[in-house]
Amino acid sequence: MHYVDVILPVPLDGTFTYTIDDAQALRCGVGMRVLVPFGASKTYAGVVTRVHDEAPDLPPEKVKGVLALMDDTPVVLPLQLRLWRWIADYYMCTLGDVYGAALPAGLKADSQYRPKMETCVALAKQFASPEGQKVALEMLRRSSKQLEVYQTYLQLAAADPSALLTREALLNVAHATSAIFSNLVKRGIFTTFEHEVGRLNHALEPHLERAAQLSAAQGDAYNQIRMQWMQHPVVLLHGVTSSGKTEVYIHLILQALAEGKQVLYLLPEIALTVQITQRLQRIFGNRLGIYHSRYSDAERVEIWRKQLSADPYDIILGARSAVFLPFQRLGLVIVDEEHENSYKQQDPAPRYHARSAAIVLAHMCGAKTLLGTATPSAESYHNALTGKYGMVRLTTRFRDVQLPEIHVVDVKDLRHRKMMRGPFSPTLLAAMRDALSAGRQVILFQNRRGFAPMLECRVCGWVPKCKNCDVSLTFHKRLNLLTCHYCGATYAVPPICPNCENPHISGRGYGTENIEDQIRDIFPEARVARMDLDTTHTRNAYERLITDFSMGKTDVLIGTQMVSKGLDFGRVSVVGILDADSMLNYPDFRAYEHAFMMMSQVSGRAGRRGDRGLVILQTRSPQLPVVQQVVSNDCDTFYHDLFVERELFHYPPFTHLVYVFLRHKQEAVVEAAALEMGALLRRSLADRVLGPDKPSVARVKQLCIRKLVIKLGQDVDLRQVRLFLQQTRQQLLSLKSYSTVQIFFDVDPQ
Ligand SMILES: Nc1ncnc2c1ncn2[C@@H]1O[C@H](COP(=O)(O)OP(=O)(O)OP(=O)(O)O)[C@@H](O)[C@H]1O
Ligand SMILES: [Zn+2]
């Protein structure tokens with residue numbers, strides 16, 4: 001008897017064993033998919049991890065058979081399976097969780113993926129000869145529109161005789177309707193046929209440009225990086241904003257390609273891929289593939305298959321999930337904006353950090369890794385300072401443009417003197433006015449979307465809250481709705497307070513929508529755009545917002561953290577940080593770190609070409625050292641202070657953190673389970689366990705939440721601890737009263 005072990009996309013531990021017949025066993029191999037039954041009625045595509053003859057420890061009638069083989073060649077490579085195992089193990093989730101995140105849906109489903117077809121055009125046989133063409137011309141003499149389409153066809157066909165011409169392309173070039181085209185088909189001049197096309201970009205190779213020549217400083221950095229790679233597989237490139245890190249990456253990519261290697265280029269955010277794609281495509285053309293969640297599933301399946309083929313993309317530019325793509329000869333991994341916490345997946349599992357996964361992937365492939373940023377993460381910076389990573393610095397901007405001047409405005413004082421105009425200080429408005437009248441652009445950063453983060457009855461203080469979550473609702477004026485940013489539920493805006501029946505309900509705080517309205521009011525001439533989650537639902541929305549701003553079609557760009565990093569605009573002279581306090585007061589031990597990064601990054605969008613930029617930083621706490629460190633761009637002091645504190649209070653990078661979350665509908669159940677879990681964990685881990693506590697948002701999607709914090713120093717064996725945590729979880733779940741509690745881990749929480 002033959003068996004296969006498979007991974008299934010279900011949140012259960014381990015692999016599952018099925019029988020397979022002799023003929024199938026001969027053809028089946030690791031990394032191929034097999035269709036298998038699961039439970040009473042489900043079928044899944046399982047990924048084979050082993051083909052063997054060892055009967056599982058089950059009564060034979062319990063072991064079901066494989067329904068069908070789905071592949072002739074593996075869709076998941078052995079190296080990828082190793083990465084899946086590492087993620088499942090390190091982040092304490094199941095292989096099924098990793099499988100779920102790794103494969104595009106089209107490869108997980110049991111339905112086979114259907115290729116996309118396009119209608120192509122050809123001349124009917126009898127009209128293909130020169131004589132036939134004359135006849136056709138004669139026939140069409142009186143139908144000028146049809147004649148035009150026909151002649152356009154001849155021109156296009158003559159320009160590239162071997163290329164297939166689609167109906168869509170022909171009608172586009174000829175500016176004709178499909179009715180005109182149909183007539184030509186009816187008259188027997190054109191015939192049509194269906195042709196399978198890839199959804200991938202088969203556009204003609206664009207005119208390629210040479211990479212820009214590196215400046216002396218960039219050239220030095222390039223050489224140093226390559227030198228450091230000889231001793232450290234991971235190097236941190238710490239280069240100030242607009243130092244031209246991207247140009248250094250481009251040269252390193254060229255070098256990797258010259259050595260016949262593939263490159264993975266990770267970006268934290270889709271907004272960023274727009275500009276970087278354009279920059280890379282000009283140089284690498286069709287050797288570049290792009291992979292992220294805004295692409296349709298069918299497109300992702302095609303890229304996946306292409307990477308398995310004999311002709312894969314040499315460079316993959318992508319967001320987090322691109323680490324899961326198959327690579328055959330990976331030589332270089334670039335993690336751009338490596339400090340970004342959106343590299344960490346929050347929910348659902350696998351709660352993996354793409355930077356760590358990328359480093360592990362590179363290690364498995366014998367590839368080099370470059371982490372690039374203007375504001376390193378505490379972890380990477382610490383690794384660089386202690387010699388685990390190499391470090392290379394770029395301390396000047398390209399063309400020696402000065403870093404922006406950062407002007408701190410004391411909002412508390414101005415409010416006291418009644419000098420604020422809503423969320424704007426006079427200094428900011430004056431700077432904006434100067435910039436706009438000089439034909440320059442402005443970026444305003446406010447990390448809250450919607451119109452008002454909260455509504456409140458001015459008489460009784462009633463605040464609308466979500467039914468499913470313990471949070472106040474955000475008012476969205478365009479939609480005229482209240483929405484919950486945790487579960488997505490929407491509610492009508494109450495005309496009067498349901499509590500005291502007064503009509504005096506008003507907004508508190510300023511969201512990006514509100515900022516936009518006010519700026520339109522104050523600067524009626526300015527062309528204003530907003531970039532946040534609400535304005536970027538579609539893939540093209542980012543592109544349009546960014547291209548319009550790049551080309552100077554808009555003057556003021558208002559946005560959330562989306563506008564804060566990586567974007568490269570030439571004409572921005574003023575950046576306004578409207579509310580630094582919301583970042584500084586965030587209830588998390590990383591608040592200052594994140595605030596420092598975000599403020600430094602958004603400041604870095606100012607004055608990237610020519611004149612020095614100006615940043616207006618509005619805060620109620622101008623005296624805070626972190627604010628001063630942003631002003632003087634003093635990473636070293638910032639991290640020095642931070643590290644002293646983190647070491648003292650046992651936080652990363654000196655201590656590993658694991659959060660244990662418990663969720664249940666009933667408050668009493670989750671509370672009891674959390675206390676029990678805490679007690680069980682303390683038996684071995686003693687005072688390394690803190691809590692349980694209610695997190696700052698203690699109920700989401702009708703589930704009550706409790707959190708335990710585990711701090712693990714150098715003195716413990718992490719492997720053992722992970723095992724112990726998993727066992728304790730199982731132990732708790734096996735108790736009848738807690739069997740319906742959700743328990744999961746967040747390793748290295750961000
Ligand atoms: N060697 C070069 N030749 C020509 N242009 C360059 C060169 N280096 C940098 N630039 C230009 O300078 C600008 C800033 O470079 P880039 O966007 O790579 O900076 P960065 O270091 O990635 O900044 P950030 O950290 O803010 O993302 C870009 O417009 C880039 O085209
Ligand atoms: Zn909610």
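We count ligands from 1, going down the list as the structure has it; atoms in each ligand are counted the same way. FYI, the numbering just counts along the sequence from 1.
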Enquirer: May I ask you to list the protein N, O or S atoms found at less than 2.8 Å from the Zn ion (ligand 2)?
Expert: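 Those protein N, O or S atoms (cut-off: under 2.8 Å from the Zn ion (ligand 2)) are C466 SG, C469 SG, C484 SG, C487 SG.
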
Enquirer: Find all atoms of ligand 1 within a distance of less than 4.0 Å from any non-hydrogen atom belonging to E337, and give their numbers and elements.
Expert: 27 (O)

Enquirer: Under a 4.0 Å N-O cut-off, is there an ion pair linking R351 with D746?
Expert: no

Enquirer: Need the ligand 1 atom indices (1-based, order shown) with element for anything under 4.0 Å from a heavy-atom of L214.
Expert: 1 (N)

Enquirer: Heavy atoms only, cut-off 4.0 Å: how does R279 contact ligand 1, side chain, backbone, both, or neither?
Expert: side chain

Enquirer: Got a salt bridge between R590 and E379, using NZ or NE/NH1/NH2 to carboxylate O under 4.0 Å?
Expert: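 Looking at R590 and E379, the cut-off is met.
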
Enquirer: Please tabulate, for side-chain N and O atoms in residues 484-496, each donor-acceptor pair with protein atoms closer than 3.5 Å (sequence neighbours left out).
Expert:
unit_1, atom_1, unit_2, atom_2, d
H485, NE2, H476, NE2, 3.0
Y491, OH, K467, N, 2.8

Enquirer: Would you call the rings of H382 and F643 parallel, tilted or perpendicular, where under 30° means parallel and over 60° means perpendicular?
Expert: perpendicular

Enquirer: Under a 4.0 Å threshold between the charged nitrogen and the carboxylate oxygen, would D568 count as salt-bridged to K245?
Expert: no

Enquirer: Of all the non-hydrogen atoms in the protein, which one sits nearest to atom 14 (C) of ligand 1, and at what distance?
Expert: S242 OG, 3.3 Å

Enquirer: With heavy atoms only and a cut-off of under 4.0 Å, state how Q213 meets ligand 1: side chain, backbone, both or neither.
Expert: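 Near ligand 1, Q213 shows its backbone, while the atoms from C-beta on stay back.
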
Enquirer: Considering only heavy atoms of S243, which atoms of ligand 1 have at least one such atom less than 4.0 Å away?
Expert: 19 (O), 21 (O)

Enquirer: Short list, please: which atoms of ligand 1 are under 4.0 Å from a heavy atom of R609?
Expert: 29 (O)

Enquirer: Which residue from I276, V602, L567, T246 reaches closest to atom 22 (O) of ligand 1 through any of its heavy atoms?
Expert: T246

Enquirer: Salt bridge or not between D611 and R440? Use side-chain N to carboxylate O under 4.0 Å.
Expert: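 No, no charged N to carboxylate O under 4.0 Å.
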
Enquirer: In this structure, does ligand 1 have an atom that sits under 4.0 Å from one of the heavy atoms of R399?
Expert: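 Under 4.0 Å: no for R399.
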
Enquirer: For atom 28 (C) of ligand 1, find the nearest protein heavy atom and state the residue, atom name and distance (0.1 Å precision).
Expert: D568 OD2, 3.0 Å

Enquirer: Within 45° of the axis and under 6.0 Å from the centre of the six-membered ring of Y659, does NZ or CZ of K707 qualify?
Expert: yes

